[in-house]
Participant: 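Just dropping this structure here.
Chain letters run A, B, ... following the sequence lines, proteins first, then strands; residues in each count from 1. Just so it is clear, the values below take in all heavy atoms, side chains as well, and ignore hydrogens, waters and symmetry mates.
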Number of protein chains: 2
Amino acid sequence: MSIEKTATRRRRRLPEEARREALTSARALLLSGGPDAVTLSAVAGEIGVTHANLIHHFGSAAGLQSALMASMVADLTQALDEAVARLRTDEGAPLELVNAVFDAFSTGGAGRLAAWIALSGDLSHLEPVRAAVQNLVDAISDKMGVQDAQARQGMGAAVLFIALSAFGEALIGPPLRDMLDQPDDAARRVVASLLPRFLITKPPTGS
Amino acid sequence: MSIEKTATRRRRRLPEEARREALTSARALLLSGGPDAVTLSAVAGEIGVTHANLIHHFGSAAGLQSALMASMVADLTQALDEAVARLRTDEGAPLELVNAVFDAFSTGGAGRLAAWIALSGDLSHLEPVRAAVQNLVDAISDKMGVQDAQARQGMGAAVLFIALSAFGEALIGPPLRDMLDQPDDAARRVVASLLPRFLITKPPTGS
DNA sequence: TTTTCAATTGACATCGATGTAAATGACATT
DNA sequence: AATGTCATTTACATCGATGTCAATTGAAAA
């Protein structure tokens with residue numbers, strides 16, 4: 001028998017679908033192998049296309065990376081916005097928001113994303129996060145009945161504190177916890193236990 | 001005029017000196033340009049040698065990277081040990097130790113180092129830090145007069161909390177603080193203000 | 001069916017990073 | 001001064017990632 005090209009009748013995707021598949025694969029590669037693992041060849045191989053095809057859709061390798069950053073940043077902001085929405089509607093506890101942030105950074109991959117962006121120096125990609133973060137501060141401030149600017153500044157400090165902890169936990173939490181004989185949820189519990197320090201505000205002190 | 005080789009009478013260094021210069025340059029490149037900037041050509045160019053020379057001294061590009069990680073990890077553990085020593089001798093305040101940790105991660109470059117290691121997956125390089133970290137927990141525990149195992153566990157959580165915050169501040173602190181209108185020392189102040197929560201234990205003997 | 005569009009591919013070119021081997025020369029020892 | 005060691009260089013080879021371009025082909029439109 002001869003060697004046939006039974007291989008594969010080409011599959012033609014819509015551009016948006018092609019981009020979606022590529023970004024999903026690229027995201028998995030980033031989380032599993034780090035930034036250097038996100039190459040045109042690797043992504044192309046995972047979704048069964050050629051690297052030239054990716055260049056066609058993203059313009060260049062840098063274009064793919066940029067699109068990946070934008071995509072993951074969008075996921076992060078969406079996760080934050082949803083957490084804010086839950087906080088505003090029912091009696092969503094601030095603790096639930098802390099968990100949402102930690103999940104976004106660890107499971108969601110925002111931690112590795114942020115580290116990648118920070119190390120590469122492309123801080124501009126973080127810009128879309130600004131609105132979500134400030135929205136988050138507003139939500140907590142409202143929830144806690146904060147009014148004066150100074151107390152609002154304190155809420156900003158609380159958000160900074162939560163985000164830094166969640167980011168650190170996502171990246172170096174596991175090995176560090178191992179060194180310190182700390183349980184898996186140590187970081188969250190610490191943040192949760194420390195949070196009241198910030199969120200307890202004095203009622204308008206007239207006395 | 002003829003092209004002369006006035007150029008460069010070779011400079012012959014001792015192996016350890018050559019390695020030292022290379023690692024110093026590599027460290028600067030890592031901090032300024034990220035992991036991808038640490039190439040044989042770049043390091044060689046900075047110290048005025050050829051890339052083949054670096055391979056001679058470090059065996060391979062991976063060898064250079066590994067040596068850089070080891071060198072920076074050694075600097076970090078030394079910084080931690082010195083901070084512990086100051087804490088043990090005089091009345092070095094815990095706050096001073098917090099500042100030392102933050103400086104090590106930001107100025108010292110331990111933050112970018114840890115992120116690089118975490119993203120690359122070479123967690124083994126962090127192993128030498130284990131002893132320094134545990135030593136740090138011991139020092140704080142002694143300072144605070146902690147005795148029972150449970151309270152010591154709390155000290156470990158405090159160290160985890162400080163380290164995660166310092167790491168996060170070093171990597172994504174600046175852009176995040178900008179988004180939140182927080183001052184440069186916001187992260188340190190938060191940690192400092194929250195620390196008593198952990199360090200306040202039963203009054204130690206004497207006073 | 002025929003035509004048209006563009007997603008997709010294959011082949012090729014380029015560039016940078018890494019690695020190898022032989023030759024060179026700086027410096028200590030004799 | 002003669003010699004040996006080895007740090008250093010030069011030249012070359014390799015490999016992977018990126019990019020270009022013409023040809024192919026799936027699928028909708030005519």
Participant: Here's a test of your reading of the structure: between B/Ala18 and A/Gly59, which maps to the more 5' nucleotide of DNA chain D?
Facilitator: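 Closest to the 5' end, via its nearest nucleotide, is B/Ala18.
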Participant: Taking CD1 from A/Ile47 and C1' from C/dT9, how many angstroms apart are they, rounded to a whole number?
Facilitator: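 Taking CD1 of A/Ile47 and C1' of C/dT9, I get 14 Å after rounding.
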Participant: With nearest nucleotides of DNA chain C determined for B/Arg12 and A/Arg13 from heavy-atom distances, which residue corresponds to the more 5′ nucleotide?
Facilitator: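 In this pair, the answer is A/Arg13.
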Participant: Please pick, from D/dT8, C/dG10, C/dT18, the nucleotide with the shortest atom-to-atom distance to any side-chain atom of A/Ala52.
Facilitator: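 The nucleotide sitting nearest to the side chain is C/dG10.
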Participant: Can you tell me how far P of C/dT8 sits from CG of A/Leu54, to the nearest Å?
Facilitator: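 Interatomic distance, CG of A/Leu54 to P of C/dT8: 10 Å.
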Participant: CZ of B/Arg19 versus P of D/dA7: gap in Å, rounded?
Facilitator: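 From B/Arg19 CZ to D/dA7 P: 12 Å.
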Participant: I need the CD-C1' distance between B/Glu17 and C/dC27, as an integer number of Å.
Facilitator: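 To the nearest whole Å, that distance equals 16 Å.
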Participant: Once you build an axis from the first five pairs and another from the last five of the helix from C/dT1-D/dA30 to C/dT30-D/dA1, how far apart in angle are they, to 10 degrees?
Facilitator: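 Overall, the helix from C/dT1-D/dA30 to C/dT30-D/dA1 bends by 0° from one end axis to the other.
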Participant: Under a 4.0 Å threshold between the charged nitrogen and the carboxylate oxygen, would B/Arg188 count as salt-bridged to B/Asp103?
Facilitator: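 B/Arg188 and B/Asp103: salt-bridged.
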Participant: Looking only at heavy atoms, what is the nearest atom pair of B/Val146 and B/Ala151, with distance?
Facilitator: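 It is CG1-CB, 3.4 Å.
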Participant: Describe, in one word, how the ring planes of B/Phe167 and A/Phe167 are oriented to each other, choosing from parallel (under 30°), tilted (30 to 60°) and perpendicular (over 60°).
Facilitator: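 If you compare the ring of B/Phe167 with that of A/Phe167, the planes turn out parallel.
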Participant: Could you tell me whether B/Glu17 and B/Arg20 have a side-chain N and a carboxylate O separated by less than 4.0 Å?
Facilitator: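 Salt bridge between B/Glu17 and B/Arg20, a charged N being under 4.0 Å from a carboxylate O: yes.
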Participant: Mapping B/Val38 and A/His56 onto DNA chain C by nearest heavy atom, which one lands closer to the 5' end?
Facilitator: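 So the residue in question is A/His56.
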Participant: Rounded to whole Å, how long is the line connecting atom CD1 of B/Ile55 with atom C1' of C/dA21?
Facilitator: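 After rounding, the gap between these two atoms is 12 Å.
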Participant: Would A/Glu46 and A/Glu21 count as a side-chain contact (heavy atoms from CB on, under 4.5 Å) if you check the C-alpha gap in whole Å, the side-chain angles of each, and the deciding distance to 0.1 Å?
Facilitator: CA-CA 9 Å; A/Glu46 282 227 337; A/Glu21 283 187 35; over 6 Å; no
Participant: Below 4.0 angstrom, N of the basic side chain to O of the carboxylate: do B/Glu127 and B/Arg130 qualify?
Facilitator: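 Counted as a salt bridge, because a side-chain N and a carboxylate O are separated by less than 4.0 Å.
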Participant: Quick check: any donor-acceptor pair below 3.5 Å linking the side-chain of B/Arg10 to the base of D/dT8?
Facilitator: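 Indeed, a donor on one side and an acceptor on the other fall under 3.5 Å apart.
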Participant: Which atoms form the tightest heavy-atom contact between A/His125 and A/Ser66, and what is the distance?
Facilitator: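 The pair with the smallest heavy-atom distance is CE1-OG, 2.8 Å.
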Participant: Rounded to the nearest Å, what distance is computed from the CZ atom of residue A/Phe58 to the P atom of nucleotide C/dT8?
Facilitator: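 For the pair A/Phe58 CZ and C/dT8 P, the rounded distance is 11 Å.
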Participant: Where each residue is assigned the nucleotide of DNA chain D containing its nearest heavy atom, which of B/Leu14 and A/Asp36 is assigned the position nearer the 5′ end?
Facilitator: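 Here B/Leu14 is the residue nearer the 5' end.
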